[in-house]
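Input: a single structure, listed below in structure tokens.
Model, not experiment: these values are computed from the prediction. Position 1 is the first residue of the sequence; numbering continues from there. The analysis underlying the following values was restricted to heavy atoms, covering all of them including side chains, and did not include hydrogens, waters or symmetry mates.
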Amino acid sequence: MPKKNKYHLAIDCSSFLYAAFYTTGLLAYDGKPTGIIYGFLRKTIKFAERFNTRHVYFCWDHPTNFRKDAYPLYKFNRIKASPEDLLDKKDRDTQAKELRHDTLKAMGFMNHLQQRGYEGDDMLAALAKILNGKHIIMVTADADMYQCLDLCDIVNPTTGKIMTRKIFEEKYKVHPSQWPICKSIGGCFGDNVIGIKGAADPAKSEKSKAIRYVRGELSNGIIYDRIESEEGKQIIKRNLPIVTCPYKPEDMKTIILRRNKCTKRKFIDVFSRYNFRSMLETKHFDKWEKIFLRG
């Protein structure tokens with residue numbers, strides 16, 4: 001097991017929320033949905049235990065989004081949804097709000113990073129800079145965050161696989177700082193950021209001509225000409241701030257980190273409130289005590 005409290009966990013809360021929705025989302029107590037809260041807490045202790053640390057920071061999306069103001073098509077592909085999908089989203093949002101404003105604070109977790117107009121990704125990137133020099137583990141499924149690999153390692157919350165700077169550079173043959181320019185050329189499929197036609201999202205294809213261009217391997221052809229064209233330069237100029245984290249860091253408020261105030265009583269009260277009986281069982285509760293209350 002890693003040395004106690006060697007690592008600092010920066011958690012992408014969106015990743016935890018979606019994972020919880022699709023695994024334990026149907027759980028309820030006394031007619032009230034609780035599955036997302038349960039799954040979120042289960043993920044939290046899983047990764048805190050894996051890295052043997054009580055240093056946990058929760059990074060949240062804000063309902064407002066500056067990127068959408070600057071680029072109306074941003075994440076537009078996620079808007080199209082059936083009535084059932086919209087009900088699911090409402091349920092996720094309700095439990096996410098409860099986690100953010102009540103549950104986690106009631107347990108004594110004090111570091112919740114959220115700012116108006118910014119996404120959890122922005123909070124992750126800003127936190128990595130604040131904690132520069134620490135052993136940072138960023139827990140996220142978002143490949144956009146590869147741009148931070150100079151400052152942290154990244155763990156996928158679903159697969160558990162670790163991406164390091166070394167692995168990234170061996171795979172893509174570019175430096176993490178070059179990732180935003182790769183994305184601005186190739187676009188971002190998941191966020192509906194439209195890149196230069198034919199260049200391809202680098203996160204979706206290692207053969208992306210966007211990556212080849214940045215490596216200096218693309219020196220002619222139709223895609224090269226599109227990238228070098230005036231229209232191509234305008235697309236890159238438009239996309240670069242959209243795919244860079246944090247977005248407009250000069251406008252972010254100062255982030256203040258606080259000491260957690262976890263106690264055994266607080267854990268028991270929260271687990272009892274939601275009737276999370278399995279978490280109250282000795283073999284599971286001991287994990288919470290060992291990580292967050294001892295030593």
Side-chain angles (χ1 to χ4, degrees), residues 8-21 36-37 40 44 55-81 85-86 88-132 136 138-145 147-148 151-152 154 157 180 183-184 188 190-193 237-261:
H8 292 249
L9 287 186
I11 294 173
D12 174 10
C13 293
S14 290
S15 292
F16 274 22
L17 291 168
Y18 277 94
F21 177 76
I36 292 173
I37 294 172
F40 189 102
T44 298
H55 301 310
V56 179
Y57 311 86
F58 299 97
C59 297
W60 301 88
D61 292 338
H62 193 275
T64 60
N65 192 306
F66 291 148
R67 286 181 176 85
K68 288 182 181 178
D69 294 339
Y71 182 59
L73 291 177
Y74 185 69
K75 293 188 177 179
F76 188 77
N77 51 338
R78 304 186 189 185
I79 294 175
K80 299 174 183 178
D85 291 334
L86 293 174
D88 290 343
K89 184 179 185 304
K90 182 179 180 181
D91 186 30
R92 287 199 302 269
D93 291 347
T94 298
Q95 291 189 62
K97 186 175 181 180
E98 187 168 347
L99 272 162
R100 163 77 177 86
H101 294 287
D102 181 10
T103 311
L104 292 167
K105 289 181 180 178
M107 295 175 71
F109 294 110
M110 305 308 295
N111 290 301
H112 301 273
L113 281 62
Q114 184 186 60
Q115 289 189 25
R116 183 183 179 279
Y118 289 94
E119 300 182 58
D121 289 356
D122 298 309
M123 299 295 103
L124 288 166
L127 179 64
K129 292 180 180 180
I130 291 172
L131 296 176
N132 188 13
I136 307 167
M138 191 179 288
V139 188
T140 181
D142 196 336
D144 290 352
M145 303 316 296
Q147 63 190 273
C148 296
L151 301 173
C152 66
I154 294 176
K183 297 284 285 186
S184 67
C188 182
D191 291 340
N192 202 46
V193 178
K237 182 179 179 181
R238 177 199 69 197
N239 289 350
L240 189 56
I242 301 296
V243 300
T244 300
C245 295
Y247 179 77
K248 294 187 177 180
E250 67 277 5
D251 292 339
M252 294 185 79
K253 296 179 181 178
T254 301
I255 294 173
I256 299 173
L257 302 180
R258 297 176 172 84
R259 184 184 295 273
N260 287 332
K261 299 178 181 179

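Nearest heavy-atom pair, Thr244 versus Pro180, reported as atom, atom and distance to 0.1 Å: OG1-CB, 3.6 Å. For the residue pair Cys245 and Asp121, the shortest heavy atom distance occurs at SG-CB, 3.8 Å. Scanning both residues, Lys129 and Pro246, for their nearest heavy atoms gives NZ-CD, 3.9 Å. For Gln95 against Ile37, the heavy-atom pair with the smallest separation is OE1-N, 3.2 Å. Taking each heavy atom of Ile255 and Gln115 in turn, the nearest pair found is CG1-NE2, 3.7 Å. The minimum heavy-atom distance between Met123 and Leu113, with the atom names listed, is CG-O, 3.4 Å.
Counting only distance, with no hydrogens or angles, the side chain of Tyr118 and the backbone of Lys248 share a donor-acceptor pair below 3.5 Å. Remark: side-chain polar atoms of Gln147 are paired, donor with acceptor, to backbone N or O of Val243 under 3.5 angstrom. At distances below 3.5 Å, at least one donor-acceptor pair connects side-chain atoms of Asp61 with backbone N or O atoms of Gly120. Of the possible polar contacts, none joining the Asn111 side chain to the Leu257 backbone as a donor-acceptor pair under 3.5 Å is found. Side-chain atoms of Asp191 never come within 3.5 Å of backbone atoms of Val193 as a donor-acceptor pair (strictly under, hydrogens ignored).
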**Request:** Check the pair Leu124 / Cys148 against side-chain contact (heavy atoms from CB on, under 4.5 Å), numbers first and verdict last.
**Result:** CA-CA 9 Å; Leu124 288 166; Cys148 296; over 6 Å; no
**Request:** Show the numbers, then the answer: is there a side-chain contact (heavy atoms from CB on, under 4.5 Å) between Asn260 and Met110?
**Result:** CA-CA 5 Å; Asn260 287 332; Met110 305 308 295; 4.1 Å; yes
**Prompt:** Is there a side-chain contact (heavy atoms from CB on, under 4.5 Å) between Lys261 and Lys105 once you walk through the steps?
**Reply:** CA-CA 9 Å; Lys261 299 178 181 179; Lys105 289 181 180 178; over 6 Å; no
**Request:** For the pair Glu119 and Phe66, evaluate side-chain contact (heavy atoms from CB on, under 4.5 Å) and give the outcome as yes or no after the intermediate values.
**Result:** CA-CA 9 Å; Glu119 300 182 58; Phe66 291 148; over 6 Å; no
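To the nearest 0.5 Å, atoms CG (Leu99) and CZ (Arg92) are separated by 13.5 Å. If you take CD1 on Ile154 and CD1 on Ile136, they are separated by 10.5 Å, rounding to the nearest 0.5 Å. In this structure, CG in Leu151 is found 10.5 Å from CG in Leu127, a value given to the nearest 0.5 Å. Taking CG of Asp69 as the start and OG1 of Thr64 as the end, the distance is 8.0 Å to the nearest 0.5 Å. Interatomic distance, His55 NE2 to Arg259 CZ, rounded to the nearest 0.5 Å: 9.0 Å.
The aromatic rings of Phe40 and Phe16 sit perpendicular, their planes meeting at an angle over 60°, well past the 30° parallel limit.
Asp12 is not listed as a side-chain neighbour of Met138, based on a closest heavy-atom distance of 4.5 Å or more. In this structure the side chain of Leu17 reaches within 4.5 angstrom of the side chain of Trp60, judged on heavy atoms.
None of Ile11, Leu131, Leu9 except one satisfies the side chain to side chain contact (heavy atoms under 4.5 Å, CB included) rule with Tyr57; the exception is Leu131.
The distance between the ring centers of Phe58 and His112 falls below 6.0 angstrom.
Taking 4.0 Å as the cut-off between side-chain N and carboxylate O, Arg67 and Asp122 count as a salt-bridged pair.
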